[in-house]
Every structure is written in C-alpha cells, then in structure tokens.
Amino acid sequence: MHYERMVKLTDRYVRSLLPKQVLETTDRDYGGFRNPVTLYTDTRPSAYSIIYLLTSYLNSDSTYSFSDDLLHRIQAGIKFLLSRQYSDGTIDLGVWKHAPCEVGFTLSAFCRHYVRLERGGRIEHDELREQLKSYIIKGANAVRDGVLYTPNHRWAAGIAPLASVADLFGDDGYLAKAEDFLADGIDINEDGSYYYENSPNYNTVANKGMLIAARFMQPEVLLDAVRRNLNFIMHNVQPSGESESAFSRRQDRGRSNCSMGGYSMFKEMAVLDSNGQYAKAADLQLDWIEMNGGSPGDFYPALLLLEEDRFREEQLKREELPSRYLNHYRSTGIVRYRNDDFACTLMYDLPKGEVKKERGGREASGNILTVHHGRTVIDGLYIKFAYQGEQSFKPDSITELGEGHYRLEQHYKGWPLHLRHRLEGKREEWMQADLKISVTVRIHNDSVEIEVDSSEGTTNIPISVEWLVRPGSQLAGKTGMQLIENDSITWFSEPEVIIKRDSGLNIEPLSALEITGGCLEHRLPIGYWRVVTGVAEQTCTRLTATGYTPFVRSFQIKAAKH
C-alpha cells in the first residue's frame, strides 16, 4: 500500500507546485517557480520542483503520467535551469551564489530521471535528455572542482551526486573527489549523532546522501553510519511522534512538530537490514507526510525508491519503536527519558572534555530541559541571571549521582571584552565575575525534580527560572505567567482530532503537565543577550519564577490528567 499512497502524495505535491510556475514567455523567470510570498524565483527550489514534475510525469500510475501539459512545463523548467546555471556549472540558492553544493543537491535525482527518460526511448524526450545531460555534467564538474560548506553537503551534495554521475556518464575525476570527501571521516560520534549539526532535518539530508552513494562505493562504511544514526533518532521520538529538536545546531532548533526524519531512509534501511523497527518508522513517516503535507522526499523523491520492486513489495513484520528507556548520550551531551506517554530531555554542552567537538552551526542555546506528556509540551527551561549583562546558565560540568539523577554546574567568571577602540590594535580584557550555579535534576516515575542552587558567589544577582510553554497550551487554575510560593499549575494541550483509517474520528484524552514550586521577588525581564536562540524562544509563552542570589529553589514537573 505504500507505493499507491506515495503516488497520490507525489501528485498532491506536484498539484501544489503548478500555480507557482512562471509561464509567461516574456517574463525573465519563465519556466521557474516563483515564491508567492517573496516573489523571488530561486534556482535550487525550482530545480527541486522540476524533479517532482518529472517524477509524476514518468510514473505510469500517476494522474500526470506522460501529460502533454506537464511535459511542456518540464521543458520550460529545464530551459530556466540552464539559463540560471553559471559557466562553471554552479547555481544559486538565495544569497548563496555560485555554490557547488546547491547544484550538487539536484544531481542525484536528475541522474535517475535521465535513466528513466533514456529507457523510455521517446522521440519527444530527445532534446530534454540532452539538456539534462549538459546540466548534470557541468554541475558534477562544479562539485568536483569546488568547495562544499557544511558536513551534510559532503554526503548529499558531494559523494552522492559524484558517484551517481560517474556511474551514468563515466568517471572524470568524480570518484577520486568522492573518496577524498569520505577519507576525511564521517562526523558521527559514539552515540550515533552527527555531532557537527545534531539536527533532525540534516540527519535526513546526510543519511539520504550516504544511502545514494552506498549503491556505488563503500557500502559497509556508509550504511553503518546511517544505521547508527537511525537508532539514535528512534530514541529521540516524542510521545506525539515528533522528534526532539531542542539540541539541534541548525535552524530547526526548538521547532515544534519536527519530523523524525525522511520516509525513504527508514524504508530503504528496513529492507537492507530486514529491520521491523525501521519499517514501522517508515509507516509513521508516511502517515506524517499525509497529515502535514509538504515534499514527500525533499531533494530525492521517495517515490523513486518505491518504483524498485524490492522496496515496493516489502512485507516485513513491524516492530514498535523504543518507548521505555533512560539513555545518557555522553558524546552528544543529552539524557533521554521516555516512559510511553511521558518523555524528557536533559541537555548540556560542556566547553571541554568528552562532549566538546569541533562543530559547525550554532553554539549551545542555554536550554537545559524539555518535557512532553502526550501533546502537552514544555519546549525549554532556562536559568537566566542579570550580571554584567543578561546571561544564561551553561554548565561546565556534569556529575551523574545515580540512575536518572544528575548535577549540572557552572562557575561563571565573566567574559572576555575585546577593546577594539584602542588605536594600537585589539586588546582583550576580562569582565570579572563570580557566581556558582548548581542545578540538580532527578528524573523518575514520570516526573522531573529540579533544584536550583546559586548560594555561592556574588549576592543580590537577579535570577529568573523560565519555562517555555508551547503555543496552544491552556493553563488551568491560574492567571498570569509567574510562579509564586507554593504555586501549583496545570496546563494541557487542546484535544486533537485524529483521523483513523478504519474507525472514523477519535478524540485523544487530555494529557497535562503540573508544575509546583516557585517564587516571585522581581519582574525584571532578563532577555537572551549572549544566547543563541531557536524557534521555541521566539514562539513560546514564558512561565517564570524569580529571586535574588543567594537563590535556592526546588521545582517539580509531573504528568497529570485534566
């Protein structure tokens, strides 16, 4: 059934793309796909749109199968791409100009479509094939000779397209470059996390690139990395089915309803490994695409995988994903607890030692905890203090006190000040400070107990303990957004209507979270200065408890029903 559903999803996505295509022949962007909000016709997104049009056009079960109208649109789109491709083979993505990675992302799918067009042998496709070949080879030369920007580029925009082009049109230094990328090593740690980016979105990008490349080179090495990452991902799935994103180092940090990954990476690995959990994850991801819309496969349409018989006819016995565990991922700097409908993530990012890696992307945000009970969510916990600016607790040590029991500590000593105004060059001086903060966290029995202790160091420093409550939650029995002494607050998400395939409508029960403890000693707003934030910090409601150093307070948050 996956194949039939994916055909419909791909057609649905193609249908959404058609109004965006510029079909006025006098328009400078003729053939491209214009963003209706920005009115900008970007090159790489237009290439992706053409890839999906080709996917439906060349599929015999699609409603667009060999449609004359779609062929006209594809021809216009390819002409647009050729007009936007620079002489060195690169294309653009927004502000990134002359970027080898941007053309690299498009090549693997175009190679697959070239084979499909050639296999069909239709005369009306002759010019289209030659145009695609020109675009692909120029693009591969750009990747071979150029520089890629981020780790996931090496896999999805580097070795995958280079190996695909070498297999299709013959090697022209492509495989040597791909082997060179791989010789640098894969940025995966002992936990199975791609530590440069730690991102649900870019997990998918990296894994798909490796899966494509593994068909042509070093499958043992590449598939082992994918397998380890999928196992890590499955232990970061929340009760709602979304992925934990708070510790991401990319733009999906703190994003709600973040997908746990691409459908096709789970589907392909399920068949390759005969793995029932991966097969179940693919089922869940297919449901997610149907419910949330969007691209069914990103830069490489999932339907292309299901056109292969071994994936289309897969009949593995399904196994449930992990839903009860307590895992400390020391190399990544997170603790994951899940007990069916209750889950939490404790996060830390030590500046030295085993957690610290050479990384790209953003620095740690200061968010140390998320809690999920069903679809009721705390997207973050910050401990902030006003001391030589607005600061956020970022631990420099962690001690494991017992099972599910941890102490995070920071001795804040100030920060370097670069005095650029000195005429004789830069000079670094240190803004002196002295404040010790200890946060003890105990996770057990669907609850999290937290003690914040800042009794050592400078006194009279304003402290704010800040919970980020996801939009859509409702507070019960409380007005205002500050926690006072002996306060108890319960909040819950709106009941969600779930469409079940066989039994009509079902209303979920109200899963709630209850928090106790608090204090209100000031209403000083302490912002996010010197803190790199994510989506949650910009969208969530803040629930705060405030005081001054020496500050010692305890909180408990636990699963409840409303």
Hey, is the main chain of [Y] close enough, under 3.5 Å, to the side chain of [X] for a donor-acceptor pair?
X    : Y    : answer
T332 : I334 : no
Q277 : E320 : yes
H72  : D69  : no
N207 : M265 : no
S245 : S248 : no
D273 : N275 : no
Q238 : E242 : no
R129 : E118 : no
N59  : S62  : yes
N189 : S193 : yes

Problem set entry | Stacked cation flag R122 on F66, 6.0 angstrom / 45 deg |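 Judged by the rule (NZ or CZ under 6.0 Å from the ring centre, within 45° of its axis), R122 counts as positioned above F66.
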Exercise. Can the positive tip of R154 be found less than 6.0 Å from the middle of the six-membered ring of F181, inside 45° of the ring normal?
Worked result: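 Not flagged: R154 not positioned over aromatic ring of F181.
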Is it true that [X] and [Y] have a side-chain N and a carboxylate O under 4.0 angstrom from each other?
X    : Y    : answer
R112 : E308 : yes
D340 : R324 : yes
D171 : K177 : no
K208 : D298 : no
R312 : E307 : no
R215 : D167 : no
K280 : E319 : no
R34  : D29  : yes

For this session: Tell me whether the centres of the aromatic rings in Y135 and F110 are closer together than 6.0 Å.
Result: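 Yes, close enough.
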Problem set entry | Proximity of F342 and H372 rings by center, below 6.0 Å |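 Ring-ring flag for F342/H372: false, centres at least 6.0 Å apart.
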Exercise. After noting the C-alpha distance and the side-chain angles of T43 and R84, does the key distance pass the side-chain hydrogen bond (donor to acceptor under 3.5 Å, both in side chains) rule?
Worked result: CA-CA 7 Å; T43 311; R84 287 288 189 93; 3.1 Å; yes
Non-hydrogen side-chain atoms of [X] and [Y] separated by less than 4.5 Å:
X    : Y    : result
H113 : I51  : yes
R12  : P296 : no
P239 : H373 : no
L182 : Q218 : yes
D11  : K8   : no

Exercise. How would you list all residue pairs meeting ring-ring contact (aromatic ring centres under 6.0 Å, His included) that involve residues 280-322, not counting sequence neighbours?
Worked result: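 Qualifying pairs, neighbours excluded: F105-F299.
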For this session: Sort and list the pairs that fulfil ring-ring contact (aromatic ring centres under 6.0 Å, His included) and have at least one residue in residues 5-34, not counting sequence neighbours.
Result: Y13-Y52
Just how far is it from atom [atom1] of [X] to atom [atom2] of [Y], taken to the nearest 0.5 Å?
X    : Y    : atom1 : atom2 : value
L286 : M1   : CG    : CE    : 9.5 Å
E268 : L306 : CD    : CG    : 10.5 Å
R15  : T63  : CZ    : OG1   : 6.0 Å
R336 : T370 : CZ    : OG1   : 6.5 Å
L128 : L71  : CG    : CG    : 7.0 Å
M234 : N229 : CE    : CG    : 10.5 Å

For this session: Verify whether one side chain among N231 and Y278 offers a donor that lies under 3.5 Å from an acceptor in the other.
Result: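 Yes, a side-chain donor-acceptor pair sits under 3.5 Å.
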Exercise. Checking side chain to side chain contact (heavy atoms under 4.5 Å, CB included) against P100, which of D145, L148, I91 comes through?
Worked result: L148
Exercise. Hey, mind stepping through S199 and R250 against side-chain hydrogen bond (donor to acceptor under 3.5 Å, both in side chains) and telling me if it holds?
Worked result: CA-CA 6 Å; S199 159; R250 294 300 300 269; over 6 Å; no
For this session: Fit a plane to each ring of H98 and Y86, take the angle between them on a 0 to 90° scale, and name the class: parallel (under 30°), tilted (30 to 60°) or perpendicular (over 60°).
Result: parallel
Exercise. Between S49 and Q21, does a side-chain hydrogen bond (donor to acceptor under 3.5 Å, both in side chains) hold up when you go through it step by step?
Worked result: CA-CA 9 Å; S49 297; Q21 189 171 22; over 6 Å; no
Problem set entry | V371 vs T376, side-chain contact (heavy atoms from CB on, under 4.5 Å): CA-CA, chis, key distance, verdict | CA-CA 8 Å; V371 184; T376 302; over 6 Å; no
Problem set entry | Flag if over 12 foreign heavy atoms under 6.0 Å of CG, N292 | yes
For this session: Not counting sequence neighbours, which residues clear side chain to side chain contact (heavy atoms under 4.5 Å, CB included) with D172? List them please.
Result: N141, R144, Y174
